[in-house]
Amino acid sequence: MLSEFFRHVERTGAPMLRPLARFFACLVFVGLAVAAAPHGAFCQERLGVVLLHDKNEHPEKQLDELERQLRNTGFSVLVPEMPWSRRRGFDATYQQALLEIGLAVEELRLGGATQVALVGHGLGANAALGYAASRGGVCGLVALAPSHDPERHREVFLPDVRKARNLLSTNGRTARSLFTDIAQDKDYDLSTTAEVYLSFNDPDGAAVMPRSCAALKSPLPLLWVVGLGDPLRHLGRAYAFSKAPAHRMSRYEEVEADHAGVPKKASRLTAEWLRDMVCAPACP
């Protein structure tokens with residue numbers, strides 16, 4: 001009926017009514033488009049993403065393509081520089097790093113995000129799991145080439161764990177010292193304080209991914225992506241992913257990439273999975 005009215009005005013109406021008719025036609029068109037559009041066409045604008053970089057990296061390195069894909073999908077994105085960056089050099093404990101993640105989550109919420117997801121690469125994925133397990137309040141997790149697993153290297157770390165504990169008992173809390181750390185199954189010398197070292201490398205401490213996955217209080221959408229060229233690929237699903245409470249949207253994926261290349265290779269997969277997750281809706 002409306003279309004007949006608009007055509008009638010175009011044919012016979014006064015010239016001054018024709019612009020008005022076109023205006024109402026546009027309003028009707030937009031209204032019908034909104035009503036007919038799937039929820040996914042609009043819901044992603046409500047999602048904020050905290051993007052967490054890997055150990056000994058700059059925040060912008062290796063994550064630029066992933067950040068671009070997330071922003072192009074319509075998400076708000078924050079990429080904080082974490083204590084384990086190359087510039088900061090492990091200047092805060094694991095627990096303090098989780099507090100920094102919480103600040104980024106709150107910043108996104110203050111900016112209008114109604115839901116927040118964490119996306120981490122390497123040690124950033126480890127911390128994302130640790131945050132969700134100890135604090136909650138996020139609607140989804142993406143673990144890209146997750147790494148840093150002190151319990152697997154218990155025998156390697158044990159001498160320096162004892163050294164760090166001795167330093168703490170003799171007021172050596174703030175002095176930096178050299179400790180053994182491991183990146184992609186290769187050890188290197190890490191300069192940090194005893195307190196910081198213990199918080200990240202204690203085999204019975206907080207930075208143990210299987211424990212974090214098992215500690216998730218309720219099923220949470222979890223995308224776990226490993227690279228076929230990553231030395232940690234052999235750990236498989238059973239190491240940590242399968243210990244998380246099962247969720248219908250959780251996925252374990254393998255991509256053709258080494259450890260450093262996983263974020264770029266999985267950038268579209270990550271953006272599409274987050275879009276589907278928030279529009280399902282899987283988030284509360």
Side-chain angles (χ1 to χ4, degrees), residues 38-40 42-52 66 70 73-78 94-95 97-99 101-102 104-106 108-109 113-149 151-152 205-227 232-233 235-255 262-263 266-284:
H39 184 53
F42 302 96
C43 63
Q44 67 265 33
E45 296 178 7
R46 299 180 291 116
L47 183 70
V49 179
V50 179
L51 187 53
L52 303 167
L66 175 57
L70 294 174
T73 306
F75 305 140
S76 300
V77 183
L78 278 183
Y94 187 84
Q95 292 76 13
L98 299 189
L99 291 176
I101 295 173
V105 169
E106 288 307 312
L108 285 169
R109 288 186 176 135
T114 57
Q115 304 175 71
V116 178
L118 303 182
V119 177
H121 175 219
L123 179 52
N126 181 309
L129 292 166
Y131 181 91
S134 61
R135 287 160 174 78
V138 295
C139 71
L141 296 170
V142 179
L144 302 173
S147 62
H148 190 80
D149 38 3
E151 82 289 357
R152 290 184 55 243
V208 177
M209 288 190 287
R211 188 177 301 138
S212 294
C213 286
L216 292 170
K217 297 176 179 60
S218 59
L220 188 68
L222 171 60
L223 174 62
W224 193 286
V225 185
V226 297
L232 299 177
R233 177 208 172 196
L235 296 176
R237 296 167 176 259
Y239 169 62
F241 174 80
S242 296
K243 293 177 172 58
H247 189 282
R248 63 186 176 84
M249 294 204 68
S250 292
R251 290 168 58 183
Y252 182 94
E253 299 285 346
E254 295 181 341
V255 296
V262 168
S267 59
R268 178 171 295 183
L269 166 66
T270 299
E272 292 176 350
W273 182 84
L274 285 171
R275 180 198 62 206
D276 294 343
M277 178 203 69
V278 76
C279 296
C283 296

Over all heavy atoms of both residues, which pair between [X] and [Y] is shortest? Give the atoms and the distance, please.
{"X": "Ala206", "Y": "Ser212", "result": "O-OG, 3.9 Å"}
{"X": "Leu216", "Y": "Pro245", "result": "O-CG, 3.4 Å"}
{"X": "Gly48", "Y": "Leu108", "result": "C-CD1, 3.7 Å"}
{"X": "Ala238", "Y": "Lys243", "result": "O-NZ, 2.7 Å"}
{"X": "Gln115", "Y": "Cys139", "result": "CB-SG, 3.9 Å"}
{"X": "Val226", "Y": "Pro146", "result": "CG1-CD, 4.5 Å"}

Could you check whether any side-chain heavy atom of [X] comes within less than 4.5 Å of a side-chain heavy atom of [Y], counting everything from C-beta outward?
{"X": "Tyr94", "Y": "Asn126", "value": "yes"}
{"X": "Arg237", "Y": "Trp224", "value": "no"}
{"X": "Leu222", "Y": "His247", "value": "no"}
{"X": "Leu232", "Y": "Asp149", "value": "yes"}
{"X": "Val105", "Y": "Tyr131", "value": "yes"}

Looking at [X] and [Y], would you say the former's side chain and the latter's main chain have a donor-acceptor pair under 3.5 Å?
{"X": "Arg275", "Y": "Phe75", "answer": "no"}
{"X": "Trp273", "Y": "Met249", "answer": "yes"}
{"X": "Ser250", "Y": "Ala246", "answer": "no"}

Quick one: pull up [atom1] in [X] and [atom2] in [Y] and give me the separation to the nearest 0.5 Å.
{"X": "His148", "Y": "Met209", "atom1": "NE2", "atom2": "CE", "result": "8.5 Å"}
{"X": "Arg109", "Y": "Ser76", "atom1": "CZ", "atom2": "OG", "result": "13.0 Å"}
{"X": "Thr114", "Y": "Leu47", "atom1": "OG1", "atom2": "CG", "result": "8.0 Å"}
{"X": "Met277", "Y": "Cys279", "atom1": "CE", "atom2": "SG", "result": "9.0 Å"}
{"X": "Leu220", "Y": "Leu129", "atom1": "CG", "atom2": "CG", "result": "9.5 Å"}

Which is it for Gln95 and Leu99 under the side-chain contact (heavy atoms from CB on, under 4.5 Å) test, yes or no, and what are the steps along the way? CA-CA 7 Å; Gln95 292 76 13; Leu99 291 176; over 6 Å; no
Output all residues satisfying salt bridge (Lys or Arg N to Asp or Glu O under 4.0 Å) with Glu253, sequence neighbours left out; order by chain, then residue number.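 Expected list: Arg251.
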Run the side-chain contact (heavy atoms from CB on, under 4.5 Å) check on Leu274 and Val119 step by step: do they pass? CA-CA 10 Å; Leu274 285 171; Val119 177; 4.0 Å; yes
